[in-house]
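We're numbering straight along the sequence, starting at 1.
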Amino acid sequence: MSSNNIQHFPEKPQFSGFMKPCRFEGEAQNLEVYGDLPQDIDGAFFRVMPDPQAFPFVEDDPVCDTYFVKMCPNSHHQQWFNGDGNVSAFRIKDGRVSWQQRFVRTEKFVREREAKRALVGKYRNRFTDAVRLKIRSTANTNVVFFNGQLLALKEDSPPYAMDPHTLDTKGLYDFEGQLPSVTFTAHPKFDPKTGEMVCFGYEAKGDGTPDICYYQVGPDGKFSDICWLVAPVCAMIHDFAVTENWVLFPLIPQLCDIERMRAGGEHWQWSPETPLYVGIIPRRNPKPGDVRWLQWDNSFPGHTLNAYEDENGHVVLDLGLSRQNVFFWWPDGKGFAPEPSTIASQLSRFIIDPHSDTDRLPEPEILHSGNSEFYRVDDRLSTQKHQHCFFDLMDPSLGTDFQAIEPRLGGGYPLYNALAHLDLRTGETEVYFPGRNHLVQEPVFIPRAGSDTEGDGYLLALINNYDSMSSELHLLDLRDFKKARSIIKLPVRLRQGLHGNWVDSGDMLDS
């Protein structure tokens, strides 16, 4: 069903409760701080959330809403990725916090604002749109800082550049004409030793194409190591991993079919017959014939934590792994998807011999048995061996009052009630539980000023407070992880976000 006259958001979970669209732009100075905010923190936490500015043009996005009415009437996890990118900047300096928020002025956003209604239809299906767009991006998945540019990312299109100080949108960014593909990853990797940004695009020649384009961008802004690959299936590649010498592409068995899209169907459909593929290529000077597609059982590879090479030259890949379809709102061809409450992702490790003749991935090791996601390391150890892991955790035994939260929850994926710190050397896990009426979003790590010790610093995360129906920032000191060192209260409620990153003020001086 579609309507051009709808004047409110549909009464569906993804538009209700805590997930009611925020649609706010503005700023607030001197946010309330409870506790001790360290004076040595000086920088900005940038994050982005899907936040629709217009009431939806297509009401049944996705089609599997019908499935949920029948099978999961109490599900609060329907697809909510189709909102406009709304970027927040939390700036911390001298023990004070300010907050800015602005929408990314994508082509979609500007044209819909001019039309005063939604023009774009289903998630990543241009055939359902009311108008034709050159670039369909919502710029709503991640926001990163590189070479003086704040880049708002959506993996189906090039980045949009923003001013890191004002959040003004500069425009679509193709790296001065160097971008070789029509898409750009939402999860570029950064090598702290070389200053390079390692990137790729999938469906790199357009919707439904199995092509992958890999490349690196140097600190001088120049592209290198451009290599075009063809994947065994046209699958989602949301995240990837990079070591000093290798690049790995885990393929999620959500497959695209252009004819299904032309008929008004979903971009993605889960394929229970498709194995987990992991492509591996040399990081430098790769050639199309260098790629090897390793396979494991049908499973869902989530976000990567990190990757590195061990003393034997093997590639160690740490990532979330689930035996089920985590994006269950895109079921398989028979309409089957797992019940959301049964889905769990675990931090897992593959140890890969890049020179082996076998195409079978070794059995993974489970690094943490809990239901977890949104993994982070101390970014100074990216591409290198890491000891400390930070992530979101769902542990029902901690005492979350789900009965009180449920009526206010709204739709959204995923749900986690704690932050965790895993020390891989000792095997010990520390857990921070923010409260009975709270759920957590993705954390970021902030190094302690003057310290080069891995994991010496702070963890910062946006927290959903379902009692006050507002948002908070909780700052944890890694030296005393189980309690918040400071809680920063926002005067508004921010929807569930996707990703964000910390940027030190010194890195933004010349931007």
Side-chain angles (χ1 to χ4, degrees), residues 13 16-20 32-36 72-77 80 302-303 320 322 324 326 328 338-347 366-376 388-423 426-445 458-490 493-497:
S16 65
F18 212 90
M19 288 300 289
K20 188 78 173 177
E32 292 184 280
V33 177
Y34 292 80
D36 171 30
C72 308
N74 298 315
S75 171
H76 290 274
H77 295 65
W80 55 280
H303 289 104
S322 174
Q324 295 173 284
V326 175
F328 55 87
E339 161 58 38
S341 63
T342 68
I343 299 173
S345 177
Q346 296 176 312
L347 181 59
I366 296 176
L367 299 179
H368 192 275
S369 61
N371 181 9
S372 59
E373 245 295 351
F374 292 107
Y375 309 103
R376 305 301 292 251
H388 298 279
C389 315
F390 313 103
F391 48 88
D392 289 355
L393 180 69
M394 171 50 76
D395 184 351
S397 71
L398 292 174
T400 298
D401 190 349
F402 293 106
Q403 185 174 0
I405 288 177
E406 196 272 341
R408 302 180 174 191
L409 190 61
Y413 155 84
L415 302 179
Y416 297 105
N417 64 348
L419 298 171
H421 166 219
L422 169 63
D423 186 323
T426 65
E428 296 180 0
T429 301
E430 298 178 296
V431 174
Y432 170 68
F433 178 59
R436 287 173 50 80
N437 293 298
H438 298 69
L439 295 175
V440 308
Q441 298 195 29
E442 178 191 54
V444 293
F445 176 79
Y458 312 96
L459 206 66
L460 182 67
L462 200 64
I463 306 294
N464 302 345
N465 185 329
Y466 294 90
D467 186 26
S468 64
M469 289 299 283
S470 62
S471 299
E472 304 169 352
L473 282 172
H474 289 208
L475 182 84
L476 314 181
D477 192 321
L478 269 295
R479 294 176 179 174
D480 189 8
F481 187 80
K482 295 184 178 181
K483 65 180 182 180
R485 180 161 173 175
S486 56
I487 295 176
I488 302 152
K489 297 197 174 183
L490 277 68
R493 169 191 51 81
L494 300 182
R495 298 181 99 213
Q496 187 80 13

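The distance from the CG atom of Asp36 to the CG atom of Leu475 is 9.0 Å, given to the nearest 0.5 Å. Atom CZ of Arg485 sits about 15.5 Å away from atom NE2 of His474, to the nearest 0.5 Å. Here the CG atom belonging to Leu439 is positioned 12.0 Å from the CG atom belonging to Leu462, to the nearest 0.5 angstrom. Annotation: the span from Ile488 atom CD1 to Leu460 atom CG amounts to 6.0 Å, rounded to 0.5 Å. Atom CZ of residue Phe433 and atom OG1 of residue Thr400 lie 4.0 Å apart, to the nearest 0.5 angstrom. For the atom pair CG of Asn417 and CZ of Arg436, the computed distance is 11.5 Å after rounding to the nearest 0.5 Å.
His303 and Tyr375 get closest at one heavy-atom pair: O-CD1, 3.4 Å. The two atoms that bring Val431 and Leu398 nearest to each other are CG1-CD1, 4.0 Å, heavy atoms only. Between Leu476 and Ala484 the shortest heavy-atom distance is CD2-CA, 3.6 Å. The two atoms that bring Ser322 and Ala344 nearest to each other are OG-O, 3.0 Å, heavy atoms only. Contact record, Gln346 with Ile366: OE1-CD1, 3.3 Å, taken as the closest heavy-atom pair. Closest heavy-atom contact between Ala461 and Pro443: CB-CA, 3.9 Å.
Looking at heavy atoms from C-beta onward, Phe481 lies in side-chain contact with Leu419 at the 4.5 angstrom threshold. The closest side-chain heavy-atom distance from Asp423 to His388 is below 4.5 Å. For the pair Leu459/His421, no side-chain contact is recorded, criterion being any heavy-atom separation below 4.5 Å from C-beta on. Looking at Ile463 and Ile487, their side chains never come closer than 4.5 Å, going by heavy atoms from C-beta outward. The shortest side-chain heavy-atom distance between Phe18 and Ile405 does not fall under the 4.5 Å cut-off.
Not a single donor-acceptor pair under 3.5 Å links the side chain of Arg376 to the backbone N or O of Glu442. Within the 3.5 Å criterion, the main-chain N or O of Gly17 finds no donor-acceptor partner in the side chain of Arg408. Under the 3.5 Å distance criterion, the side-chain polar atoms of Gln496 are left unmatched by any main-chain donor or acceptor of Gln441. Side-chain N or O atoms of Glu32 include none that pairs as donor or acceptor with a backbone N or O of Lys489 at under 3.5 Å. A donor-acceptor contact shorter than 3.5 Å is absent between the side chain of Ser372 and the backbone of Leu393.
Residue Phe390 forms a ring-ring contact (aromatic ring centres under 6.0 Å, His included) with just one option from Phe445, Tyr432, Tyr458, and that option is Phe445.
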In sequence, state the C-alpha distance, the side-chain angles, and the governing distance for Leu409 and Phe402, and then conclude on side chain to side chain contact (heavy atoms under 4.5 Å, CB included).
CA-CA 9 Å; Leu409 190 61; Phe402 293 106; over 6 Å; no
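Under the 30°/60° scheme for interplanar angles, the aromatic rings of His368 and Phe391 are found to stand perpendicular.
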